[in-house]
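Working notes, structure below.
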Amino acid sequence: MTHVFHRSAVASYPVAASGEGVYITDADGKKYLDACGGAAVSCLGHSDKRVVDAIKAQLDAIPFSHTSFFSNEPMERLADYLVARAPGDLDRVYFVSGGSEAIEAALKMARQYFVEIGQPERHKIIARKQSYHGNTLGALAVGGNEWRREQFRPLLIDATHVSPCYPYRGRQDDESEEDYGQRVADELDAAIRAHGPETVAAFVCEPVVGATLGAVPPVPGYLQRIREICDTHGVLLIFDEVMCGMGRTGYLFACEEDGVAPDLLTVAKGLGAGYQPIGATLVSKKIFSAIRDGSGFFQHGHTYMGHPAACAGALAVQQVIEEDGLLEKVRTMGGKLRAALEERFGNHHHVGEIRGRGLFIGIELVEERSSKTPFDPARKVHAKVKAGAMARGLMCYPMGGTIDGRVGDHVLLAPPFIIDENHVAEIVEKLAGAIDEAVSAR
Ligand code: PLP
């Protein structure tokens, strides 16, 4: 009997009782290797004492002070830390409590920027199909995840969705990766022209698509072309790095690897690694100065923004990543995990593609490998993989609707940056058992 309104009103969940390194132990003493960081959150595992101590020290000093009265030291230091490492001319950080809030802030900043500079007709947002930007109404509206949006459609603001960059399904046989990237990027150009560039405020995308497609990176040249199109039409570019950012791909900001900088960039998950709830919107000088020199006030705000304990925790997380050389480790362990997955699943009849960057890896499951035929969604293969993995003591993040919101299955892996070779072997072994069981179940 519970009085909690859980995520699923019908499922019952084991109770997480303790965490040690990459493992979570439930109240019955069963251990689970966390190979997905929950949802790409727990990048330091579950027991980093340096982070816990930093949060405790902040609680002892002062747990909370409201940002309409005070600044606080961990928030100032965390902003300095992020801006010193951020791409392009991202220069200010607006702290919130999670990914959806970071996106809401980015969308409203984009809109207010155009009001401030005297282009109030710019209000439209363009995003991509098969994307996820959060569950609050603004974020849900710009997201292109059909099953999440469906029943709330009447409440959502209008947004236009162009194709994602998803070469496994979208690239034609006679097309190079680069040509494919230019073709889908040009859909943005066409959409802006169709709406009238003077009405479009921003384009938002995940540089590496997370939960909806399963760790799909852009092809070479794609993001450069997107940047070019935005610049041509005076449209702001928002990168949603809530899932792929903060080191997950082996770079602190995923877009660094592509050499493209946005005007606004959102982060969350790995920022606080789950030790505290926190998200942030990084903002370019141009946008900040327009607001500072205009009305002087961004018309937004939440009670818990810039929470001192959350900022102290996130700062400690980021310092641990740097001190322990974890970005480097993400790249090497990502290579090892990828190689082990390739060895185990490279010729698997039901594995269509293994993809991703760093410790952000997607495995697309198919009924038949050579034709890329997806499973009948009624079989709920992704749900069976999740259940089978949990039964074996493995957390992974499978999802359905990979192709169009209804059809397709993939498994997302996003383990803590501290995994070693033994963990890699355990992940592959247990995942193989879960996948084989799920694809043979009828
Ligand atoms: N943006 C992306 C890319 C995400 O993956 C998520 C969450 O999965 C969000 C936004 C929303 O973040 P939150 O769940 O913290 O509100």
Side-chain angles (χ1 to χ4, degrees), residues 7 36-43 94-110 125 127-145 147-149 152 156 159 161 164-166 202-218 223 237-249 253-255 262 264-282 302 304-305 307 310 313-314 317 356-362 386 395-402 405 410-414:
R7 271 183 185 251
C36 57
V41 176
S42 304
C43 58
Y94 191 85
F95 288 107
V96 291
S97 300
S100 303
E101 284 188 8
I103 285 289
E104 297 290 339
L107 298 174
K108 286 177 75 176
M109 271 178 206
I125 308 288
R128 301 193 300 186
K129 295 170 193 156
Q130 294 304 94
S131 60
Y132 179 57
H133 298 298
N135 263 333
T136 51
L137 291 175
L140 193 63
V142 299
N145 188 314
W147 67 264
R148 293 190 201 251
R149 290 162 51 90
F152 301 108
L156 304 180
H161 295 98
C165 185
Y166 178 23
F203 173 67
V204 53
C205 71
E206 300 163 76
V208 182
V209 185
T212 311
L213 282 183
V216 177
L223 289 179
L237 177 58
I238 304 173
F239 280 165
D240 180 353
E241 295 208 1
V242 164
M243 193 176 257
C244 65
M246 295 289 95
R248 177 63 42 209
T249 61
F253 297 94
C255 61
L264 294 141
L265 185 149
T266 56
V267 289
K269 301 181 184 277
L271 176 60
Y275 285 81
Q276 289 284 283
I278 186 166
T281 305
L282 281 75
H302 299 285
Y304 292 123
M305 58 186 292
H307 194 285
V317 167
R357 285 182 181 175
L359 283 172
F360 198 35
I361 300 177
K386 182 173 179 185
M395 291 163 61
C396 60
Y397 189 175
M399 187 67 90
T402 315
H410 68 262
V411 181
L412 184 65
L413 296 177

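Everything quoted here is computed from the prediction, not taken from an experiment. Read the numbers this way: they start at 1 and go in the same order the structure lists the ligands and their atoms.
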Measure the distance from atom 14 (O) of ligand 1 to every protein heavy atom, then report the residue, atom name and distance (to 0.1 Å) of the closest one.
Ser100 OG, 4.4 Å
When you look for heavy atoms under 4.0 Å from ligand 1, do you find them on the side chain of Ala268, its backbone, both, or neither?
neither
Mind checking whether Glu241 contacts ligand 1 via backbone (N, CA, C, O), side chain (CB onward), both or neither, at a 4.0 Å heavy-atom cut-off?
neither
Side chains of Leu156 and Arg149 in contact at under 4.5 Å (non-hydrogen atoms):
yes
Atom 12 (O) of ligand 1 sits nearest the protein heavy atom Gly99 CA, 3.2 Å
Between Asn145 and Ser131, does a side chain to side chain contact (heavy atoms under 4.5 Å, CB included) hold up when you go through it step by step?
CA-CA 6 Å; Asn145 188 314; Ser131 60; over 6 Å; no
With heavy atoms only and a cut-off of under 4.0 Å, state how Glu206 meets ligand 1: side chain, backbone, both or neither.
side chain
Looking only at protein heavy atoms, identify the closest one to atom 5 (O) of ligand 1 and say how far it is in Å.
Met243 CB, 3.5 Å
Based purely on interatomic distance, does Asp240 place a nitrogen or oxygen under 3.5 Å from a nitrogen or oxygen of ligand 1?
yes
How far is atom 8 (O) of ligand 1 from its nearest protein heavy atom, and which residue and atom is that?
Lys269 NZ, 2.9 Å
Would Asp240 and Thr266 count as a side chain to side chain donor-acceptor pair (under 3.5 Å) if you check the C-alpha gap in whole Å, the side-chain angles of each, and the deciding distance to 0.1 Å?
CA-CA 5 Å; Asp240 180 353; Thr266 56; 3.1 Å; yes
Quick one: does Leu107's side chain get under 4.5 Å of Ile125's, heavy atoms only?
yes
Just need the protein heavy atom nearest to atom 9 (C) of ligand 1, so name the residue and atom and give the distance.
Val242 CG1, 3.7 Å
So do the side chains of His302 and Ser97 get within less than 4.5 Å of each other, counting heavy atoms only?
no
Min side-chain heavy-atom separation Leu359-Arg248 under 4.5 Å:
yes
Contact check, side chains of Leu213 and His410, non-hydrogen atoms, under 4.5 Å
no
